[in-house]
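The next block holds one structure in the form of C-alpha cells; read it before the comments.
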Amino acid sequence: SRKHSGLKATEEMLKAQKKIYDDAEKASNDKIKEIDRILGAKETAFQEELTTFEEEKEETLRVEKAKYEQACQSVETEHEELIVQKKREKAYHERDLTAQKQELQRQREQTQNEKISNLTLAEATLMAWNTGMELIGQYASWQSRRNDQVLVSEMHNNHQKLAQLQDYIPNNAMDSLKDFVWGSDVDL
C-alpha cells in the first residue's frame, strides 16, 4: 500500500519533532542525574571532613590538656567555628544545586507539555487516517470472512476509534483528545 505523499511528509515532520522533544527531555534527565551525583559526593566529602576534624581535635586536646586547660578551650572554640563555617558552605552549595535541579525539572515539564499540545492534532489525524485505511482493508476481507468474529470485533473497535476521533476533533475537545491520543496517564 503506497502512502500519500502528504501523509509521508506529516509522518516525517512528526518523527523529527518528537525527536527534538525526546532529546530535550533526555538532556534534562541527564543533567538532573549529574546534579544528584554531585550532591551525593559533596555530602560524603562533608561527612569525611567532619570525621577528620573530630579526630584532629581529640589528638590536639590530648596533648594540650596536659599543659593547660586554657589551650584546650581555644581548640574547642576553633573546632566549633570550623564546623559552623563548613556547614554554612555546604548549605550554600546545596541551595545553588537544588535551584538548578528545580529549573531543569521545570524546563522538562514545559517540554513535555509543549510536545503534547503541539503534536496532538497531528497524532490524531494520523491515527484517524491509519484507522480508516485499516478499516478499508478489513471491509475487503469481510466479504469472504463474514463469520470471522475476531475480524468483526476488530472492525467494531476501529469504528469506535474513528467515532471518538470524529467527536473530539470538530468539537475542539482537546483535553479528551490528548488523553485519547497519548494515554490518560501521560505525565503532564
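With contacts defined as side-chain heavy-atom distances shorter than 4.5 Å, the pair R108/I32 qualifies. Taking 4.5 Å as the limit, some side-chain heavy atom of E54 sits within range of a side-chain heavy atom of K57. Residues W129 and T10 form no side-chain contact, since every pair of their non-hydrogen atoms from C-beta on lies 4.5 Å or further apart. Contact annotation: the side chain of T131 approaches that of M127 to within less than 4.5 Å [non-hydrogen atoms, C-beta and beyond]. E114 places none of its side-chain heavy atoms less than 4.5 Å from the side chain of T111.
In the hydrophobic clustering of this structure, L126 does not group with L162; members are Ile, Leu, Val, Met, Phe, Trp, Tyr whose side-chain heavy atoms approach within less than 4.5 Å, directly or through other members. Clustering ILVMFWY residues whenever any of their side-chain heavy atoms sit less than 4.5 angstrom apart, transitively, puts I20 in a cluster other than the one holding L104. Taken together through direct or relayed side-chain contacts under 4.5 Å among Ile, Leu, Val, Met, Phe, Trp and Tyr, F46 and I35 form parts of separate hydrophobic clusters.
Side chains of Q47 and E43: a donor on one and an acceptor on the other come within 3.5 Å. For the residue pair R106 / Q110, a side-chain donor-acceptor distance below 3.5 Å is found, with atom types taken as modelled. Between the side chains of Q85 and E81, no donor-acceptor pair is found at a separation under 3.5 Å.
Rounding to the nearest 0.5 Å gives a distance of 4.0 Å between CZ of F53 and CG of L82. Within the model, atoms NZ of K161 and CD of Q164 stand 10.0 Å from one another, a figure rounded to the nearest 0.5 Å. Atom CG of N130 and atom CG of L7 lie 6.5 Å apart (nearest 0.5 Å). For the atom pair CD (E56) and OG1 (T60), the distance works out to 7.0 Å, reported to the nearest 0.5 Å. Taken from NZ in K33 to CD1 in I38, the straight-line distance is 14.5 Å, to the nearest 0.5 Å. Note that CD of Q100 is 13.5 Å distant from CZ of R95, once rounded to the nearest 0.5 Å.
Residues satisfying the side-chain hydrogen bond (donor to acceptor under 3.5 Å, both in side chains) test with E12, not counting sequence neighbours, are none. Checked against side-chain hydrogen bond (donor to acceptor under 3.5 Å, both in side chains), T120 has the following partners two or more places apart in sequence or in another chain: W182. Applying the salt bridge (charged side-chain N to carboxylate O under 4.0 Å, His left out) test to E49 and every residue at least two apart in sequence or in another chain returns K86. Applying the side-chain hydrogen bond (donor to acceptor under 3.5 Å, both in side chains) rule to K101 yields the partners D36; only residues at least two apart in sequence or on another chain are considered. Considering only residues two or more places apart in sequence or on other chains, I136 meets the side-chain contact (heavy atoms from CB on, under 4.5 Å) condition with M133.
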Run the side-chain donor-acceptor check on residues 151-159: report pairs under 3.5 Å with partners two or more places apart or on a different chain.
{"unit_1": "N158", "atom_1": "ND2", "unit_2": "E134", "atom_2": "OE2", "d": "3.0"}
{"unit_1": "N158", "atom_1": "ND2", "unit_2": "Q138", "atom_2": "OE1", "d": "3.0"}
{"unit_1": "H159", "atom_1": "NE2", "unit_2": "Y139", "atom_2": "OH", "d": "2.7"}

Do D22 and K26 pass the side-chain contact (heavy atoms from CB on, under 4.5 Å) test, and can you show the C-alpha distance, the side-chain angles, and the key distance before you say yes or no? CA-CA 6 Å; D22 291 343; K26 183 186 181 308; over 6 Å; no
Dump the intermediate steps for salt bridge (charged side-chain N to carboxylate O under 4.0 Å, His left out) on K18 and E123, then the final yes or no. CA-CA 11 Å; K18 271 185 179 167; E123 279 276 10; 2.7 Å; yes
Apply the test side-chain contact (heavy atoms from CB on, under 4.5 Å) to residues Q102 and T98: give CA-CA distance (whole Å), side-chain angles for both, the deciding distance (0.1 Å), then the verdict. CA-CA 6 Å; Q102 286 168 343; T98 301; 4.0 Å; yes
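Within 6.0 Å of atom NZ in K31, 12 or fewer heavy atoms from other residues, nucleotides or ligands are found, so the atom counts as exposed in its surroundings.
Remark: D23 engages K19 in a salt bridge, criterion side-chain N to carboxylate O under 4.0 Å.
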